[in-house]
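Please read the structure below before turning to the comments.
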Amino acid sequence: MNSNPPLPDSFDVVIVGSGAAGLYAALCLPSSLRIGLITKDKLKKGASDWAQGGISAAIAPDDSPVLHLEDTLKAGAGLCDRDAVQYLVENAVTSIRSLLEMGVEFDRHNND
Ligand SMILES: Cc1cc2nc3c(=O)[nH]c(=O)nc-3n(C[C@H](O)[C@H](O)[C@H](O)COP(=O)(O)OP(=O)(O)OC[C@H]3O[C@@H](n4cnc5c(N)ncnc54)[C@H](O)[C@@H]3O)c2cc1C
């Protein structure tokens, strides 16, 4: 027997993929929209569930987006799109704040 609720006949937006990008996109859309999120496998299957290291967000007072830009380009060994990395490091702090406001429980040092 199928215990899932019936799906709506239509959606305003359909997002493909249940990784961080798809979920964040869904959370950023107006709640008035009917949003469908589809994925090819289990909800948690994807790179987002494997990531467990750092985020290129300069949140410490002695940190800087320029350092994250250089570090990411070095680690990327020539494969990174510089403009994309620059956009990421310059906007990461705003995104982290937004995720905190949404209730994401990041690991913390000394409750900071
Ligand atoms: C081992 C590992 C460690 C990492 N560590 C870090 C880290 O420390 N810091 C960091 O910033 N980044 C890290 N990354 C990179 C980071 O995980 C990815 O950049 C990020 O998760 C990408 O998110 P995404 O939502 O675009 O993709 P994903 O999380 O991969 O989501 C893709 C989604 O699309 C779905 N999908 C794919 N094809 C189809 C299809 N044809 N039809 C329907 N659905 C489909 C998948 O099922 C999945 O739900 C790491 C990656 C890996 C693999």
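Just so you know, ligand 1 is whichever comes first in the structure, and atom 1 is the first atom listed for that ligand.
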For L23, all residues meeting side chain to side chain contact (heavy atoms under 4.5 Å, CB included), sequence neighbours excluded: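 Testing L23 for side chain to side chain contact (heavy atoms under 4.5 Å, CB included), a comparison that skips the adjacent residues, returns L37.
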
For the backbone of Y87 and the side chain of N91, can you confirm whether one donor and one acceptor N or O come within less than 3.5 Å of each other?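 Confirmed, N91 side chain pairs with Y87 backbone.
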
Check for a donor-acceptor pair, side chain of S48 on one end and backbone N or O of G19 on the other, with a separation under 3.5 Å.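 Not confirmed, S48 side chain does not pair with G19 backbone.
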
Find the distance between CD1 (I38) and CD1 (I15) and round it off to the nearest 0.5 Å.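 So the CD1 of I38 and the CD1 of I15 are separated by 10.0 Å.
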
Kindly check if the number of other-residue, nucleotide or ligand heavy atoms within 6.0 Å of CZ (R97) is above 12?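 12 or below, so no.
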
For ligand 1, what is the set of protein residues having any non-hydrogen atom at a distance below 4.0 Å?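 Under the 4.0 Å cut-off, ligand 1 touches V16, G17, S18, G19, A20, A21, T39, K40, K45, G46, A47, S48, W50, A51, G53, G54.
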
side-chain contact (heavy atoms from CB on, under 4.5 Å) with S56: which of L88, D71, V93, V85?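 One option only clears the test, and that one is L88.
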
